[in-house]
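Reading through the structure tokens given below for one structure.
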Amino acid sequence: MISVCESKKGIYKHRTGSDAMHISKLLDLEHNIDPETKALLAQAKTWGAQNLEPLIPKNWDMATFPSTIISSFREKCPNLLGYTLPKKYGGQGYGLLTASHISRSLASVDASFTTTLLVQYGLCAESILLCGTEEQRCRLIPSLANLQNMGCFCLTEPQSGSDASDLRTTATKVEGGYSITGSKRWIGNALSSEVFVVWAKNMSIEGNPVMGFIVQRSHQENPNSIQTSKIEGKVSMRMLQNANVEFCNAFCPNSNVMGNHVGRVLEVSRISVAWIPVGICQGAVEKTIEYATHRRAFGAYLSSNQLIQGNFQCRIAKILHQLYIELTMTGTIISEKLVRMTAMTSSMYLLVERMTRDYEDGKCSLPAISMVKAYNTKLGREVVALCRETLGGNGIVLDHGIASKWADLETTYTYEGTYEVCSLVAGRALTGVSAIKSASAVKSSFKGRQRSKL
């Protein structure tokens, strides 16, 4: 749709939202995605827009997970159930790159729901896939793939956060299996989970190695052996239900004991997480462009005056100086922001796509994955902040779909390895020197320097 507007610069044509170019089209980011995958992405986006997006404002505000959304996804998107998992175990058999694009498409609508699925598929089921036995895979993964049973991944503990080397949850040998005791925190899906993949120290083996234990809620004789409590007061991903979990002699049969390959699980899941901020930013930028092409201020659309954006950089000082007397220049600033946020989102997309392709080809390891995860979440914060400020006061209310994305991206900056931890992992590979030190090591090093000075 073309409309004609008037300003001090004269009469010009204005492109409204229906004519505005989609963010992925500017650099043709999806040119190498096959038609079948594009159809899946369109399906995910359409389902999200029709069924999930209308529920976000109320449920985000109330910090609740929509009670009907899992059944809606199962009924209307059967070919997306278990989209990260092999067909042999009830999944769809899509490759990592295709699955990552599906996550991106869903995250462009809502990151909380997407993270719920990534906990279900990419952490819980993936742990069983990578670390479990064939019998465990055939018995447990299909019901996780079709969302008949919910699952969670219990690694993080209250005292250690990202330091997985400081686990205190223990597994003690008892007749027929193991007794699991300990506390876990920030566990997504735990409130509704049947399957708990718990990482704990095996006290029955020399050295107490960390191993995976599949604990099932329905198998507990004592219902209080697994206690979950919702973490209240979150200001990010409020629809995602995170919980504290207390295991009090929870029973894990011998048939549910897995190996010690948590690093492999985190490697794959960190790739998935690196795609989430791309989806959030694409959704946010799309809404911001739509807003800017419809919103009028001071007699002009926010996206107007686009023809003068080419020489914006050399004139920025003058614009800032005259901002209060040349209100029509507001459009110039908005246009520059739209271009900047689109360019940053595109760079995030291209980087994580290259990394995912390299990983599928066996050419990418944890340091590179960690670098991309850190970069994308950091840059994503800047993108959603630009979106938020472009909407002005409307950017801090839920009605326009930006406030929740602005807040939700903060979670991606921290979960699955904080920005700092991911940077340290990548830095260790670049320099050959580890800057990751425990508190005791730092304290010991400090005392050593103090003694040398004496």
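Because the structure is predicted, anything quoted here is derived from the model rather than measured.
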Item checked: Single hit among Tyr94, Tyr83, Tyr349 for side-chain contact (heavy atoms from CB on, under 4.5 Å) with His101 -> Tyr349
Margin query: Is a donor from one side chain sitting under 3.5 angstrom from an acceptor on the other, for Asn79 and Gln43?
Written below: yes
Checklist line | Side-chain (Thr64) to main-chain (Trp60) donor-acceptor, under 3.5 angstrom | finding: no
Check: If you measure from SG on Cys281 to CE on Met344, what distance do you get to the nearest 0.5 Å?
Finding: 8.0 Å
Check: Does NZ or CZ of Arg104 fall inside the cone over Trp275's six-membered ring, less than 6.0 Å from its centre and within 45° of the axis?
Finding: no
Check: Under a 4.0 Å N-O cut-off, is there an ion pair linking Arg381 with Glu410?
Finding: yes
Check: What residues, two or more places apart in sequence or in another chain, satisfy salt bridge (charged side-chain N to carboxylate O under 4.0 Å, His left out) together with Glu53?
Finding: Lys287
Next item on the list: Output every pair passing side-chain hydrogen bond (donor to acceptor under 3.5 Å, both in side chains) with a member in residues 113-123, not counting sequence neighbours, ordered by first then second residue.
Entry: Thr115-Tyr415
Margin query: Just to verify, what does Ala250 make a side chain to side chain contact (heavy atoms under 4.5 Å, CB included) with, not counting sequence neighbours?
Written below: Ile180, Val215, Gln220, Ser225, Ile226, Phe247
Next item on the list: With sequence neighbours excluded, tell me which residues meet salt bridge (charged side-chain N to carboxylate O under 4.0 Å, His left out) with Glu267.
Entry: none
Notebook entry, point to check: What closest approach, in Å, do Leu155 and Lys184 show between heavy atoms, and which atom pair accounts for it?
Noted result: O-NZ, 3.2 Å
Note to self: Treating Ser72 as the side-chain partner and Thr68 as the backbone partner, does any N or O pair qualify as donor plus acceptor under 3.5 Å?
What the structure shows: no
Checklist line | NZ/NE/NH1/NH2 to OD/OE distance under 4.0 Å, Glu389 and Lys337 | finding: yes
Check: Under 3.5 Å, side chain of Lys45 to main-chain N/O of Val109, donor-acceptor pair present?
Finding: no
Next item on the list: For Glu420, check salt bridge (charged side-chain N to carboxylate O under 4.0 Å, His left out) against everything at least two apart and list the hits.
Entry: none
Note to self: For Lys373 versus Gly417, what's the shortest heavy-atom pair and its separation?
What the structure shows: NZ-O, 2.6 Å
Checklist line | Note, Trp199 side chain near Ser127 side chain (heavy atom, < 4.5 Å) | finding: yes
Next item on the list: Please check if the side chain of Ser105 supplies one atom and the backbone of Leu41 the other of a donor-acceptor pair under 3.5 Å.
Entry: yes
Notebook entry, point to check: Is there a donor-acceptor pair under 3.5 Å between the side chain of Arg185 and the backbone N or O of Val245?
Noted result: no
Next item on the list: Considering non-hydrogen atoms only, spot the tightest contact between Ala403 and Ile396 and give its length.
Entry: CB-C, 3.9 Å
Next item on the list: Ignoring hydrogens and angles, state whether a donor on the side chain of Ser370 or Arg270 is under 3.5 Å from an acceptor on the partner side chain.
Entry: yes
Item checked: Stacked cation flag Arg217 on Phe196, 6.0 angstrom / 45 deg -> no
Item checked: Between Ser218 and Glu194, a side-chain donor and acceptor under 3.5 Å -> yes
Margin query: Is it the case that the side chains of Thr345 and Gln282 hold a donor-acceptor pair, with the cut-off being a distance below 3.5 Å and no angle test?
Written below: no
Margin query: I need the minimum non-hydrogen distance between Ala111 and Ile280, along with the two atoms involved.
Written below: CB-CD1, 3.6 Å
Margin query: Quick one about Ser160 and Asp166 (side-chain donor to acceptor, distance below 3.5 Å, no hydrogens or angles considered), yes or no?
Written below: no
Next item on the list: Find out whether Gln92 and Lys87 are in side-chain contact, i.e. whether some heavy atom of one side chain is under 4.5 Å from a heavy atom of the other.
Entry: no
Margin query: Just to verify, what does Trp47 make a ring-ring contact (aromatic ring centres under 6.0 Å, His included) with, not counting sequence neighbours?
Written below: Phe73, Phe113
Notebook entry, point to check: Nearest heavy-atom pair of Ala407 and Val235: which atoms, and what distance?
Noted result: CB-O, 3.3 Å
Check: Would a distance-only check, ignoring hydrogens and angles, find a side-chain to backbone donor-acceptor pair under 3.5 Å from Thr98 to Gly95?
Finding: no
Next item on the list: For Gly151 and Cys124, work out which heavy atoms get closest and say how close.
Entry: CA-SG, 3.7 Å
Check: In this structure, are over 12 heavy atoms from other groups packed under 6.0 Å from Arg340 atom CZ?
Finding: yes
Check: Can any side-chain N or O of Arg74 pair as donor or acceptor with the backbone N or O of Asn146 at less than 3.5 Å?
Finding: yes
Notebook entry, point to check: Is a donor on one side and an acceptor on the other found under 3.5 Å between the side chain of Asp408 and the backbone of Met237?
Noted result: yes
